[in-house]
Amino acid sequence: MKFSEMPYKHIDMNEAKAFFEKLISDSKNARSGEEQFELHKKYYVYMDEILTMMNIGSFRHDVNTKEEFYAKEQEYIDEIRPVISQYVNDYKKVVYNSPYRDYLEEKIGRVAFKNMELDFASIDEKILPLMQEENALINKYDDIIASARIPFKGEEYNISLLRKYLTGNDRDDRKAAWKALSDYFLSVTDEIDVIYDKLVKNRTKQAKELGFENYIELGYNRMMRNSYRRPQVESFRKQIKESFVPLVCKIQEKRREDLGLDEIKYYDNEVYFKNGNPAPTGTPEEIMKAGQEMYRELSPETAEFIDVMIEGELFDVLGRKNKKQGGYMNYLPIYKVPFIFANFNGTAGDVDVITHECGHAFQGYVTRNEEINEHNDITMETAEIHSMSMEYFTYGWMDKFFGDRADDYLKMHLRDSITFIP
Ligand SMILES: [Zn+2]
């Protein structure tokens, strides 16, 4: 089925409530581990449906934030998401405290139980209104950023499309583009400051109501950091400072020499070559086609994956007005397919969508038949292994996108990857 043909169904919260009430009661009364696990599979089926609808609704809002129907649905999804988390939490407490815990641990894995502990500490009925407000604030911020209209050189650009000039070859143009971007942010600074202020207060309040000192511990829980915490992150940061920052300083110095500048300024960031950064040579359609050829050659698995993605129209990558900024991959459990959202802007970043976001999507595709949903509860750091690895796996195909500047792209990519870490 093509993405555009997938039906969207408004989530009925009475139905959700009834489903979880019955599930909780049935699960409590299960007479064996097998019986309880069968009920758990019903939970998977129901959540697959809910997540598919949420992801379709959010996606259709993201591609055009001014479209009224899905803007309302997005507001609704923001409201119900915490309530559903609460239902899930109540249900998982039954699973966690099950007399058949050993059997269930064997089935869904011990890590899942560790993650439940993090969830139990992070969600509570008393903070639901705060969680709803938090979602609404984030959505409001995204909408402000998505609706940016930045006048530059007689045209109007959104932030993604302006990036071409922010990293462009002409230094005066670049400086002017940064000024235009800065002017835009100054024009909305009052609104953004209020959102930021409210978010900080909101999250601190959530943390305190849950018994944390501040948002940091709660934030770690929400990122499912079940095997490392602040001390490990602090130590990692220290290593980055000692080992990586000196290397990045060398790269920056080399960049300054290559660009022939006396001093590197903020508007010179992310510019690597005197003759400009390598950019894809083709149209967006040609980039997509080159991507398809690349994945067909890379492996039988990626060949199957890319054909499914393209046939299902599971990409929305063209930069447009009112489209949410940035890029991401998400997944539609009932159709067992990932989809990719991005904003092509004519820079090398477009190719990163084909490598990086497709790396995420390929992971989703490869694990589509995994029966245990918890096995796909990967964290951001795990997910980035899939996506960033794909950037390197595809090094041999970059001439398809950059022609005779493929080598420049590889140099830029490697330097950028290193610079990114600090
Ligand atoms: Zn990523």
Side-chain angles (χ1 to χ4, degrees), residues 159-175 177-178 181 233 236-282 287 290-291 294 298 317 325-329 342-360 380-381 383-422:
I159 297 172
S160 291
L161 297 175
L162 189 69
R163 265 195 74 75
K164 197 175 174 151
Y165 299 97
L166 295 170
T167 57
N169 194 25
D170 185 304
R171 201 178 190 214
D172 290 330
D173 260 13
R174 218 153 64 212
K175 194 175 171 182
W178 277 97
L181 180 68
V233 172
F236 179 61
R237 231 172 8 228
K238 198 166 152 264
Q239 279 184 305
I240 295 296
K241 195 176 165 187
E242 284 166 8
S243 316
F244 252 90
V245 172
L247 176 60
V248 170
C249 291
K250 275 189 206 159
I251 289 173
Q252 300 292 45
E253 180 54 20
K254 175 89 175 63
R255 212 161 58 79
R256 186 192 64 75
E257 277 172 24
D258 289 351
L259 294 174
L261 299 174
D262 293 333
E263 197 186 354
I264 289 186
K265 298 280 196 186
Y266 64 90
Y267 47 83
D268 301 317
N269 262 338
E270 298 175 75
V271 181
Y272 287 86
F273 299 94
K274 207 168 184 179
N275 56 337
N277 287 349
T281 50
I287 295 173
M294 174 179 81
L298 184 61
V317 296
Q325 302 299 285
Y328 62 79
M329 161 267 171
N343 283 273
F344 273 12
N345 58 9
T347 72
D350 298 355
V351 178
D352 298 338
V353 172
I354 301 296
T355 58
H356 183 103
E357 295 307 329
C358 282
H360 286 303
M380 224 191 287
E381 20 311 71
E384 291 308 311
I385 294 172
H386 309 128
S387 56
M388 293 191 186
S389 300
M390 193 61 92
E391 295 176 23
Y392 294 94
F393 289 156
T394 53
Y395 257 25
W397 282 265
M398 288 303 113
D399 56 330
K400 276 191 190 298
F401 301 98
F402 297 100
D404 55 10
R405 294 204 67 195
D407 279 347
D408 281 349
Y409 172 75
L410 297 183
K411 270 182 211 160
M412 177 169 88
H413 179 265
L414 189 59
R415 289 179 190 176
D416 185 56
S417 303
I418 295 167
T419 309
F420 174 73
I421 292 176

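- The side-chain contact (heavy atoms from CB on, under 4.5 Å) search around L161 returns Y157, N158, N345, not counting sequence neighbours.
- For E381, the salt bridge (Lys or Arg N to Asp or Glu O under 4.0 Å) partners at least two apart in sequence or on another chain are R225.
- By the neighbour-count criterion of 12 heavy atoms within 6.0 Å, atom CZ of F393 is sparsely surrounded, having that number or fewer from other residues, nucleotides or ligands.
- Among pairs with a residue in residues 345-355, none fulfils salt bridge (charged side-chain N to carboxylate O under 4.0 Å, His left out), at least two apart in sequence or across chains.
- Contact record, P278 with M412: CD-SD, 3.8 Å, taken as the closest heavy-atom pair.
- For D170, the side-chain contact (heavy atoms from CB on, under 4.5 Å) criterion is met by D172, D173, not counting sequence neighbours.
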Next on the checklist: One pair to check against side-chain contact (heavy atoms from CB on, under 4.5 Å): D416 and Y272. What are the steps and the verdict?
Outcome noted: CA-CA 9 Å; D416 185 56; Y272 287 86; 3.6 Å; yes

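- The minimum heavy-atom distance between F402 and P280, with the atom names listed, is CE2-N, 3.6 Å.
- Counting only residues at least two apart or in different chains, salt bridge (charged side-chain N to carboxylate O under 4.0 Å, His left out) contacts with residues 393-402 comprise E293-K400, E297-K400.
- Every residue meeting the side chain to side chain donor-acceptor pair (under 3.5 Å) condition with S160, not counting sequence neighbours, appears here in chain and number order: Q325.
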Distance-only criterion, 3.5 Å: show the donor-acceptor pairs between side-chain atoms of residues 236-252 and protein atoms not counting sequence neighbours.
residue, atom, partner, partner atom, Å
S243, OG, Q239, O, 3.1
Q252, OE1, R255, NE, 2.8
Q252, OE1, R255, NH2, 3.3

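- Applying the salt bridge (Lys or Arg N to Asp or Glu O under 4.0 Å) rule to K164 yields no partners; only residues at least two apart in sequence or on another chain are considered.
- H356 places a side-chain heavy atom less than 4.5 Å from the side chain of E384.
- Every residue was checked against the side-chain contact (heavy atoms from CB on, under 4.5 Å) condition with N169, not counting sequence neighbours, and none meets it.
- Every ring pair (Phe, Tyr, Trp, His ring centres under 6.0 Å) that Y392 has, sequence neighbours left out, goes to Y395, H413.
- Closest of all the heavy-atom pairs between I354 and G291 is CG2-CA, 3.8 Å.
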Sequence neighbours left out, cut at 3.5 Å: what donor-acceptor pairs do the side chains of residues 258-267 make with other protein atoms?
residue, atom, partner, partner atom, Å
D258, OD1, K254, NZ, 3.0
D258, OD2, K254, NZ, 3.3
D258, OD2, R415, NH1, 3.4

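- A side chain to side chain donor-acceptor pair (under 3.5 Å) with D268 is found for exactly one of R256, R174, K175, namely R174.
- Taking every heavy atom of both residues into account, T355 and E391 meet most closely at OG1-CG, 3.7 Å.
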Item to check | Worked verdict on R163 versus N343 for side-chain contact (heavy atoms from CB on, under 4.5 Å) | outcome: CA-CA 11 Å; R163 265 195 74 75; N343 283 273; over 6 Å; no

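- Take A279 and apply the side-chain contact (heavy atoms from CB on, under 4.5 Å) test, not counting sequence neighbours, and it matches no residue.
- Of all the heavy atoms in N277 and T167, the pair that sits closest is ND2-O, 4.0 Å.
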